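Input: a single structure, listed below in structure tokens.
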Amino acid sequence: MTVITLENVSLDINGAGILDNIDLTLRAGELVALVGPNGAGKSSLMKCALGAIAPTTGRARIGDDDAATMDVTKRARLAGYLPQIRPTAWPVIVEDIVALGRYAYGATTTLARNENDTAVAAAISACGLDNLRQRRADTLSGGELARVHCARAFAANAPFLFADEVTNSLDPAGQLDVLQLIRDHVDNGAGALAILHDINLAATFADRIVWMKKGRIHAEGPPRDTITASRLNDIFAVRAQVHHANGAISVTYRK
Amino acid sequence: MISRLNFLLCLATVISIAAAAAIGSTTMPAGRFFAALFGVGETGDMIVVWEIRAPRALAAFIVGAALGASGAALQGLLRNPLAEPGVLGVSASAALGASLVLFYGGAMMPDVAVPIAAIAGALAATALLTFAAIRVGSVVTLILIGVGISSFAGAIAALLLNLAPNPFSLADLLNWTLGTVANRSFDDIALAAPFLVAGFVFLGLSARPLSALGLGEETALSLGVDLKRTRIFVVLGAGLATGAAVAIAGAIGFVGIVAPHLVRPFVRYDPARTLVPAAIAGGVILVLADIGVRLLPTPAELRLGVVAALIGAPIFVWIAARRSGAT
């Protein structure tokens, strides 16, 4: 089974330390939330794990391969990505965007065939986009476009998914929709790493929370074990109250 | 499988090139034209059709196709419908390269030096732009850099005109700057053809990644796109094709914007599937424009590049204005 591992990963950019000695393992069937203040290095950690940037020291591996230097097609078949910002340079239609998810399997837009067609159709249905198949991307709401990207990533059937603040700029229902889709994807056997700013969403959907601050991992573990008032104070410098009710955890906080 | 759009465009190509061979200052009835076309007409008619009009029409088509495909690919790479060899200064740099060889090369230069110099100029401009694209991020800034390159190449070309020793070199240089396919022979086309073919191959190889790039560079990377290779292929492809086009006809602007813009709605705005129809449409546009140039009763024949700019520049402004708010 493919595992993503970061070993002693440190990253310096122009002399500034961005990541400091990170160790992290991601497995299938687990949704890991990456939380921490702005500038903690969450996005950089994700980029190292995805192979988009190479660590200054240490190793980031996808399976047995070095993430940054491995074959791009092989990497795309193992790890999908949901961007924080969803630019659409051209008003392409939903179906064509989802079909790009099969890029690493040789499918171009609308030239998708056989297993590519099946995977695209399945991903479109799984994300509730059947009615939007022929819609142009520039006519979609932010929440709809976020779901289109989910379908695009799911269509690849990659064992891992990286989600970079996908809930940003979405309304509450849109945030829940997207995270539920990722949760279902993980329950179907994938592994996922999601950068989240909302502790309540992390508490609701994640199996494990990785707490970051100033380039380091401060703690990691299941929400019920690691969400505490003192941790929220340490990491975010807020005065928090943690509520436990019927097995669910919720957090309120103020400055 | 050939799409209906490409089939219709191919049909338009055949009709427009046939019309370009049939129509001209020497009026020729249909019977004489077809006799000349199939090699059984009068000698004079055959010279007009096969040695004057046909190479000229073919040159117009090839130049338009090269510019249409280069424009579509650059737009895909830079994710902006305003990117184009003319606007970005690629054509002007290529024309400058050709002018320098004509100006300083003298009679010792082999014929192939002109296309090579044009391609070197085009490659220098596209490489500079792509390097800037990696650094600046903002497409508006990038287009401004292109405008700067264009102005600078234009200034050096103006300097050469300024220093031209005699009226003959002045006329030569002017032709490169204004752009024309008049008096082109099959030999001129053959000289540029290998570079053109190589350019089309590189552009073709970059088609698929361009679709993925529409979703942003990070997403494209995660989909399995080799970003560096894609940039290099588009730069080489657009540089070779535009350079070869300029070697044939001089600098002709705006075809690279208008042709992709026209076909995009018919290919559902997919950058990969824009390339081929944009090339064919670019070719047809220039063949038709060249027929117009020959038919207009002006005291001196209008240069194709001048007409292309007169039509294309307002369209450029219109497309830019409609994109208000987009970066």
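All values derive from a computational prediction rather than experimental measurement. Order of the sequence lines fixes the chain letters, A, B, ..., with proteins taken first and strands second; residue numbering starts at 1 for each chain.
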Under the rule for side chain to side chain contact (heavy atoms under 4.5 Å, CB included), what residues qualify as partners of B:I311, not counting sequence neighbours?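 Testing B:I311 for side chain to side chain contact (heavy atoms under 4.5 Å, CB included), a comparison that skips the adjacent residues, returns B:V307, B:I315.
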For B:A69, enumerate each residue passing the side chain to side chain contact (heavy atoms under 4.5 Å, CB included) test, keeping only those at least two apart in sequence or located in another chain.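 Once residues adjacent in sequence are excluded, the partners of B:A69 under the side chain to side chain contact (heavy atoms under 4.5 Å, CB included) criterion are B:F200, B:L203, B:A279.
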If one checks every heavy atom of A:Q84 against chain B at 4.5 Å, the contacting part turns out to be neither
Heavy-atom nearest pair, B:S222 first then A:A76, reads O-CB, 3.3 Å
With A:L100, which of B:D270, B:T219, B:L223 fulfils side chain to side chain contact (heavy atoms under 4.5 Å, CB included)?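 Answer after filtering B:D270, B:T219, B:L223: B:L223.
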May I ask you to list the residues in residues 47-58 of chain A that approach chain B closer than 4.5 angstrom, counting heavy atoms only, ordered by number?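 Within residues 47-58 of chain A, the residues under 4.5 Å from chain B are A:K47, A:A52.
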Contacts with chain B made by residues 135-165 of chain A (heavy-atom distance under 4.5 Å), listed by residue number: A:R136, A:H149, A:R152
Heavy-atom neighbours of A:D187 CG exceed 12 at 6.0 Å: yes
Could you check whether atom CG of A:D130 has more than 12 heavy atoms from other residues, nucleotides or ligands sitting under 6.0 Å from it? yes
Most heavy-atom pairs under 4.5 angstrom with chain A, which of B:G76, B:A207, B:P209?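 Of the candidates given, the most pairs with chain A belong to B:P209.
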Judged by atom type as modelled, is there a donor-acceptor pair below 3.5 Å linking the side chain of B:R268 to the main-chain atoms of A:Q134? no
Contact class of B:P81 relative to chain A, heavy atoms under 4.5 angstrom: both
Heavy-atom distance under 4.5 Å to chain A: side chain of B:V267, backbone, both or neither?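 Interface part for B:V267: neither.
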Can you confirm whether A:V72 sits close enough to B:V225 that some side-chain heavy atom of one is under 4.5 Å from a side-chain heavy atom of the other?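 A:V72 does not reach B:V225 side chain to side chain.
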Looking at CH2 of A:W90 and CZ of B:R264, how far apart are the two atoms once the value is rounded to the nearest 0.5 Å? 4.0 Å
